[in-house]
Number of protein chains: 2
Amino acid sequence: MTEKIRETGERVTIRTVAEDAGVSTAAVSKVLRNAYGVSDTLRSKVLTSIEKLGYRPSTAARGMRGKTYSIGLLLTEMENAFLPKVVRGAKEVFGAANYQVMIGVGEAQASIEQSLIDSMMDMRMDGVLLVAPRLTGTVLAGYAAKTPLVVIGHHEPSAETFDTVNSDDVAGAREAVCALIASGYRDIHMTSLSQRRFDMPAGEGEVFTMRETGYLAAMQEAGLSDRARIWRLREREGCEGPPLTDLLKVGPRPEAVFCWSDIHALELINLAWSRGVRVPEDLAIVGYDDTPAAGMPIVGLSSVNQQGADLGRQAARAMLSRIEGRTTPEHILLEPALKTRRSSGS
Amino acid sequence: MTEKIRETGERVTIRTVAEDAGVSTAAVSKVLRNAYGVSDTLRSKVLTSIEKLGYRPSTAARGMRGKTYSIGLLLTEMENAFLPKVVRGAKEVFGAANYQVMIGVGEAQASIEQSLIDSMMDMRMDGVLLVAPRLTGTVLAGYAAKTPLVVIGHHEPSAETFDTVNSDDVAGAREAVCALIASGYRDIHMTSLSQRRFDMPAGEGEVFTMRETGYLAAMQEAGLSDRARIWRLREREGCEGPPLTDLLKVGPRPEAVFCWSDIHALELINLAWSRGVRVPEDLAIVGYDDTPAAGMPIVGLSSVNQQGADLGRQAARAMLSRIEGRTTPEHILLEPALKTRRSSGS
DNA sequence: GTGAAAGCGCTAACAT
DNA sequence: ATGTTAGCGCTTTCAC
């Protein structure tokens with residue numbers, strides 16, 4: 001470690017800057033934080049020295065007393081093509097406020113997610129932003145007691161200690177299914193995930209649960225309740241649960257399928273293509289998330305767009321206000337919009 | 001300190017643990033780091049207290065004296081579907097060695113990348129791993145002087161102060177083009193990016209430059225040099241440079257196109273589909289990276305697979321050995337393999 | 001084998 | 001408006 005320093009000479013600390021500028025370390029610190037009570041003369045002297053010496057504050061040292069100007073962003077997994085937009089939106093707002101964003105990737109396992117959140121707190125990040133965590137409300141509340149916490153993709157409007165930012169998944173699903181109904185489809189099934197929790201109050205739960213609610217509501221409103229059927233399938237290959245192929249095997253096949261996510265929808269559209277099942281003539285498909293692949297002309301998958309960038313921006317704003325002291329919870333719901341393409345028919 | 005009641009909220013520090021276990025803070029620190037000279041009795045006492053109190057070492061405080069057991073992973077951008085595998089591979093190795101990985105996303109801008117690397121160093125991360133950075137060798141060397149540095153996707157085998165891990169892009173491109181030639185195609189063009197630097201020694205440069213070299217070599221070996229043509233296009237919509245549509249406009253159209261990346265290849269395959277140009281009958285296409293979208297049956301894009309997970313693993317191993325003191329550079333080259341699908345013909 | 005004590009580079013009272 | 005100074009929670013000699 002000492003040898004490392006020898007390369008460029010002594011490490012430049014706040015003291016080096018103070019000496020160079022002929023002021024106290026407190027003065028430098030104040031300039032750094034734009035604190036009250038610094039004359040323009042002092043400020044410019046300090047800034048000049050900082051520039052000259054190439055000084056950079058140690059985040060580690062800062063973390064011991066004050067803030068680190070960094071926030072941790074936890075992604076459930078990297079494979080989901082919907083996440084980049086969320087990240088971009090969040091970074092946009094955080095960046096403008098001079099916060100650095102460090103991302104942790106959870107590998108879709110709750111234990112890894114927790115370990116990462118712990119690490120972010122160990123690093124004294126100023127806040128933690130979770131995207132679609134596989135964690136229960138209780139666990140989240142535990143973290144919220146120790147750090148500013150905002151969660152995207154977890155419906156819990158009654159949470160008192162952290163904020164949630166979501167797309168209105170019930171409305172999005174309803175819109176998708178209504179569109180299918182309007183196109184004349186009647187036998188409409190849905191693909192979803194296996195339930196993980198059963199005791200959530202109405203209006204709370206994971207996103208796929210909300211989408212199931214929207215699906216069922218739309219079916220009921222159209223008097224199609226008896227045709228409704230939800231397939232609880234594994235998320236992707238390698239996951240537990242029955243495979244998507246089951247759905248295509250059913251005979252008679254449904255006329256249309258609403259998939260809780262593009263992950264399923266893309267798999268299904270490819271499966272159909274491989275087996276000569278025409279989309280949408282033999283089977284109409286609507287997905288969710290409007291990922292880049294859905295938008296490829298060759299794919300043409302109708303999908304519900306949930307404004308990823310906006311989710312990220314709103315969550316970042318919530319985070320900033322929470323860091324600045326807000327304690328009353330905020331629960332934001334954004335309006336999704338169906339993007340219609342070939343796969344859902346006319 | 002005495003009267004203060006330990007309610008939930010009192011931060012558990014190394015001192016709390018020391019008091020609880022009836023030992024010194026130094027002892028606790030030693031147990032934490034598996035340092036030499038701790039009796040089993042002491043160790044178990046300390047471990048018990050740590051467990052009981054739920055103690056977690058502050059990374060921030062650690063960063064001021066020793067290591068943080070965290071490494072920074074910089075991604076050029078999140079949109080590239082090739083990156084998740086690299087990240088997974090790297091995390092696998094780092095995780096096994098008890099290092100946490102924090103990811104920074106560069107938004108494809110050199111300045112943002114630099115700012116993120118700086119932040120990682122400010123946080124006293126133990127090393128920085130760069131994936132496909134948009135930075136010059138000189139800049140990289142500058143960072144390498146201050147922190148252990150490993151770079152994926154940047155060819156610079158002569159670098160003395162940092163390690164590089166790459167797929168053999170020249171070989172990969174050659175393989176792809178040879179396969180097209182073997183299928184009978186002669187008029188084979190290539191899409192690449194606009195040059196950013198002109199004075200790199202042979203064997204060095206950005207990945208697309210290496211792939212151009214492989215393309216030209218394969219064409220020359222087949223006596224097709226006079227048919228070779230490289231289209232320097234923008235990376236994707238929103239970037240600078242001429243659009244990919246130019247290529248389809250050319251008449252007579254080439255028989256086949258080797259794209260430096262699936263980003264171009266997917267755009268091209270969709271463009272062709274939209275305009276009724278049949279793939280591969282009218283135009284054969286080969287991409288690079290073998291991203292998930294390329295593997296979708298409906299797309300069927302031949303693409304060069306560069307073993308993303310292996311790149312990540314090897315880079316992580318290099319990082320670990322560098323952190324443990326290695327100073328001689330390592331430059332690793334992995335063998336890519338063409339994955340053949342419909343888009344390149346028979 | 002174990003502990004006392006000196007920092008690491010900052011921030012935030014509190015003085016001046 | 002500026003400076004002095006006491007820590008923050010660790011690691012690391014250096015005594016014992």
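Here is the naming used below: chain letters follow the sequence lines, and residue numbers restart at 1 for every chain.
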Results of salt bridge (charged side-chain N to carboxylate O under 4.0 Å, His left out) for [X] - residues two or more places apart only:
X: A:E107; result: B:R88, B:K91
X: B:R43; result: none
X: B:R56; result: A:D118, A:D122
X: A:R317; result: none

Could you tell me how far apart [X] ([atom1]) and [N] ([atom2]) are, to the nearest whole angstrom?
X: B:M64; N: C:dC10; atom1: CE; atom2: C1'; answer: 6 Å
X: A:K30; N: C:dC10; atom1: NZ; atom2: P; answer: 17 Å
X: B:K45; N: C:dT2; atom1: NZ; atom2: P; answer: 8 Å

Would you kindly compare B:A61 and A:G66 by the position of their nearest DNA chain C nucleotide and give the one closer to the 5′ end?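 The residue closer to the strand's 5' end, by nearest nucleotide, is B:A61.
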Can you tell me if [X] uses its side chain to pair, donor with acceptor, with the backbone of [Y] under 3.5 Å?
X: B:D163; Y: B:E330; answer: yes
X: A:D126; Y: A:Y69; answer: yes
X: B:R326; Y: B:I323; answer: no

Nucleotides 5-7 of chain C: which of its N/O atoms have a protein N/O under 3.5 Å away?
from	atom 1	to	atom 2	distance (Å)
C:dG7	N2	B:R65	NE	2.9
C:dG7	N3	B:R65	NE	3.4

Among residues 31-39 of chain B, which residues get a heavy atom nearer than 4.0 Å to DNA chain C?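 Per residue number, the list reads B:G37, B:V38, B:S39.
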Within residues 119-127 of chain A, the residues having a heavy atom closer than 4.0 Å to DNA chain C are none
Taking atom [atom1] of [X] and atom [atom2] of [Y], what is their separation to the nearest 0.5 Å?
X: B:M319; Y: B:L149; atom1: CE; atom2: CG; result: 7.0 Å
X: A:M120; Y: A:I103; atom1: CE; atom2: CD1; result: 8.5 Å
X: A:L130; Y: A:L73; atom1: CG; atom2: CG; result: 8.5 Å
X: A:M102; Y: A:L116; atom1: CE; atom2: CG; result: 13.5 Å

Determine, step by step, whether B:R124 and A:S58 satisfy the side-chain contact (heavy atoms from CB on, under 4.5 Å) criterion, reporting the C-alpha distance in whole Å, the side-chain angles of both residues, the deciding distance to 0.1 Å, and the verdict. CA-CA 8 Å; B:R124 298 291 183 268; A:S58 155; 3.5 Å; yes
Run through A:L129, A:L74, A:L75, A:L83 and flag the one making a side-chain contact (heavy atoms from CB on, under 4.5 Å) with A:I152. A:L129
Chain B on DNA chain D: first and last contacting nucleotide, 5' to 3', under 4.0 Å to a heavy atom?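 Footprint of chain B along DNA chain D, 5' to 3': D:dG9 to D:dT12.
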Checking A:R134 against A:E113 for the salt bridge (charged side-chain N to carboxylate O under 4.0 Å, His left out) test, could you report, in this order, the C-alpha distance in whole Å, the side-chain angles of both residues, the deciding distance, and whether it holds? CA-CA 8 Å; A:R134 295 214 181 337; A:E113 289 180 15; 5.2 Å; no
Can you name the residues that form a side-chain hydrogen bond (donor to acceptor under 3.5 Å, both in side chains) with B:Q114, not counting sequence neighbours? B:Y143
End-to-end bend of the helix from C:dG1-D:dC16 to C:dT16-D:dA1 (five-pair axes, 10° rounding)? 40°
Give the residues of residues 51-59 of chain B touching DNA chain D, defined as any heavy atom closer than 4.0 Å, sorted by residue number. B:Y55, B:R56, B:P57, B:S58
Can you run down the side-chain hydrogen bond (donor to acceptor under 3.5 Å, both in side chains) pairs that involve residues 18-40 of chain A, sequence neighbours left out, and say none if there aren't any?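 Residue pairs with at least one partner in residues 18-40 of chain A: A:D20-A:S49, A:D20-A:K52, A:S29-A:R33.
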Given C:dT11, C:dT2, C:dG9, the nucleotide with the shortest approach to the side chain of A:R62: C:dT11
Polar contact flag, side-chain donor to acceptor under 3.5 angstrom, A:Q100-B:S119: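 Per modelled atom types, A:Q100 and B:S119 side chains form a pair under 3.5 Å.
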Could you please spell out the steps behind the side chain to side chain donor-acceptor pair (under 3.5 Å) verdict for A:T164 and A:H331? CA-CA 5 Å; A:T164 63; A:H331 297 288; 2.7 Å; yes
